[in-house]
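Notes for the one structure printed next.
When reading the values below, keep in mind they use all heavy atoms of this one structure, side chains included, and skip hydrogens, waters and symmetry mates. To find a chain, count down the sequence lines: A is the first, B the second, and so on, and within it residues start at 1.
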Amino acid sequence: MAYITNYEYYANNGVGSESANWGSYQYVFLKDIVNNFELQFVGNDKLINNVDRHTIIFHAKRGIQELTYDALKSAKVLELTIDETLKMVLPPDYVNFIRISLEVEGVLFPMVENKQVTFANSYLQDNNNEIIFDLDGNVVEVTSQLDMHRLAGDTQKIYNGPGVYNGYYGWCVNGDWYFSRRLEIDPSTANRNVTYNIDKSGGVIDFSSDITGMNVVLEYISDGMENGDEALISINKLAEDAIYKHIKWAILDNKFGVPMYERQEAKKQRRAAISNAKIRLSNIHPSRLLMVLRGQGKWIK
Amino acid sequence: MINRVRNTVLAIINKNNNGYITPDEFNLFATQAQLDIFEEYFSNYTIAIQKVNARVAGTGYADSLKRCEDVIDIFMVPSATLTFASGVFPIPQDVYKLERLNYNGRTNVDKISQQKANNLLSSDRTQPSKLFPCYSLAGYSATVYPSTIQSGITATYVRYPADPKWTYTVPNGSESPFFNPAANDYQDFELPLSDEMNLITRILQMSGISIREEEVVQAAKSEEVQDKQEQ
């Protein structure tokens with residue numbers, strides 16, 4: 001018997017979102033993983049016995065997270081328009097970013113991460129530089145000068161003066177001009193597009209300037225936890241064996257009295273299964289290789 | 001089976017004019033004997049599992065694990081509906097071993113200890129949900145998490161065997177009670193027929209002690225030892 005009928009697959013039985021089941025056959029859901037594990041790996045005559053279901057759920061979720069980081073590589077993409085604060089709030093299921101680009105008329109311009117600090121928290125201080133506290137004993141926070149200059153876009157100005165740097169962008173600090181030396185430019189940041197800096201603790205991306213009203217596309221990875229909605233947590237079937245092996249190893253490794261050889265064996269099985277899953281999910285197949293190798297006959301002029 | 005067991009017990013006891021046990025005494029001894037044997041099935045079940053894991057268990061007719069399971073399953077109540085009251089689900093009083101709770105028929109409700117309940121409820125990854133509900137037990141009350149679950153809970157459990165009762169009537173002009181299986185409170189043994197000898201032996205033991213006949217007790221004990229060795 002089919003898992004779901006074709007009508008349910010293509011049209012969701014005519015109820016709700018039509019696309020709800022499209023592509024669902026690729027995935028196995030957390031509920032099934034936990035149920036199958038309890039059924040096939042836990043029992044009086046199995047290696048694992050007397051284990052609580054919440055332990056299985058915990059290790060299943062951790063396994064899905066690890067596989068999502070390493071093997072699955074299923075990126076999420078989000079486009080947002082940047083307002084005058086030059087900030088982009090990180091998506092709720094954000095774990096790490098892959099690439100951030102500026103979208104201009106359908107073309108993506110990849111941006112470069114600015115490794116230097118471009119944001120700061122600041123405390124309100126009085127004339128004697130003493131920190132000011134509120135009635136609850138907490139410091140009063142204000143926008144830092146660094147942020148204000150970044151938002152104003154006045155960190156760099158065009159130098160109109162004598163010498164070879166006339167017409168170049170530079171920094172004017174206390175009347176003295178500073179320029180980046182072109183011969184020693186850092187190639188990792190040599191990009192004319194806007195730069196960004198991720199404020200992880202603040203949960204935002206800070207952009208340098210000049211992109212108010214423009215669209216930014218964030219490609220990022222999540223942890224597969226679907227914002228805590230357990231009914232949606234799933235993993236590709238190519239990694240199904242890897243997740244069972246992971247749960248088995250994690251439980252045996254934390255159980256009292258399990259001989260070391262059993263733990264080692266479970267660890268080896270897990271590693272082999274994950275490695276297998278990575279190879280399968282990397283989608284290396286002859287037609288793709290062929291397309292890449294066709295390029296080798298091209299003359300480099 | 002209960003009448004045959006009683007007749008056999010009386011026949012053995014009366015053989016040497018050792019004494020007589022009343023129907024009420026017999027019913028008391030029968031209840032205890034049945035409970036003893038019933039509980040023994042669970043310890044035998046554990047032993048059978050150990051044999052399976054040691055690869056010394058047989059299959060087919062030699063499958064002692066399956067035999068134990070078959071007997072225990074006689075007392076299995078597959079889905080008793082529990083009714084929510086005062087924040088908990090009261091558990092039936094005849095529960096010997098609560099196997100599991102089910103939510104909406106198919107979802108297992110996992111048992112957690114009271115000590116872990118708080119940790120679990122505040123856990124970010126294993127917090128109980130309608131997909132993976134949990135329950136903790138205090139006395140005969142089950143608290144189901146998440147607390148939004150207030151219906152749809154059924155229990156699968158092994159119940160205690162019903163107390164056997166040899167019912168009787170005493171016709172006019174007679175001193176001996178006559179067996180009356182038509183009485184409303186009549187209850188036969190619930191154990192399988194294969195346990196008849198075992199029941200007789202245990203009832204004899206208790207009867208022997210009751211009528212202060214050491215010989216009956218010793219005979220019953222030696223019979224029980226022999227039975228165990230055969231197993």
(message) Within a 6.0 Å radius of atom CZ on F42(B), are there more than 12 heavy atoms belonging to other residues, nucleotides or ligands?
(response) yes

(request) Working to the nearest 0.5 Å, report the span between CD1 of I57(A) and OG of S123(B). (result) 9.5 Å

(request) Check whether any side-chain heavy atom of I112(B) lies under 4.5 Å from a side-chain heavy atom of D52(A), and answer yes or no. (result) no

(request) Sort K31(A) into side chain, backbone, both or neither according to what part of it lies under 4.5 angstrom from a heavy atom of chain B. (result) both

(message) If you count every heavy atom of other residues, nucleotides or ligands that lies below 6.0 Å from F133(A) atom CZ, does the total exceed 12?
(response) yes

(message) Would you say that more than 12 heavy atoms from the other residues, nucleotides or ligands in this model lie under 6.0 Å from the CZ of F84(B), or not?
(response) yes

(message) Please find the pair of heavy atoms, one from E230(A) and one from Q127(B), that lie closest to each other, and give the distance.
(response) OE2-O, 4.3 Å

(message) Could you measure the distance from the CG atom of N49(A) to the CD1 atom of I49(B)? Nearest 0.5 Å is fine.
(response) 8.0 Å

(message) Need one label for N53(B): side chain, backbone, both or neither, based on atoms under 4.5 Å from any heavy atom in chain A.
(response) side chain

(request) Using atom types as modelled and distance alone, determine if a side-chain donor or acceptor of R53(A) lies under 3.5 Å from a backbone N or O of P133(B). (result) yes

(request) Locate the shortest heavy-atom distance separating L120(B) from H54(A); write the atom from each residue and the value. (result) CD1-CG, 3.6 Å

(message) Could you check whether atom NZ of K66(B) has more than 12 heavy atoms from other residues, nucleotides or ligands sitting under 6.0 Å from it?
(response) no

(request) Examine whether an atom of K111(B) lies under 4.5 Å from a heavy atom of chain A, and if so say whether it belongs to the side chain, the backbone or both; otherwise answer neither. (result) backbone

(request) Using a cut-off of 6.0 Å, state whether more than 12 heavy atoms not belonging to K237(A) lie near its atom NZ. (result) yes

(message) For Q50(B), which atoms come within 4.5 Å of any heavy atom of chain A: side chain, backbone, both, or neither?
(response) neither

(message) Are Y45(B) and N44(A) packed together at the side-chain level, in the sense that at least one heavy-atom pair is separated by less than 4.5 angstrom?
(response) yes

(request) Drop me the distance from T55(A)'s OG1 to K116(B)'s NZ, to the nearest 0.5 angstrom. (result) 5.5 Å

(message) For the CE atom of M225(A) and the CG atom of D124(B), what is their distance to the nearest 0.5 Å?
(response) 10.5 Å

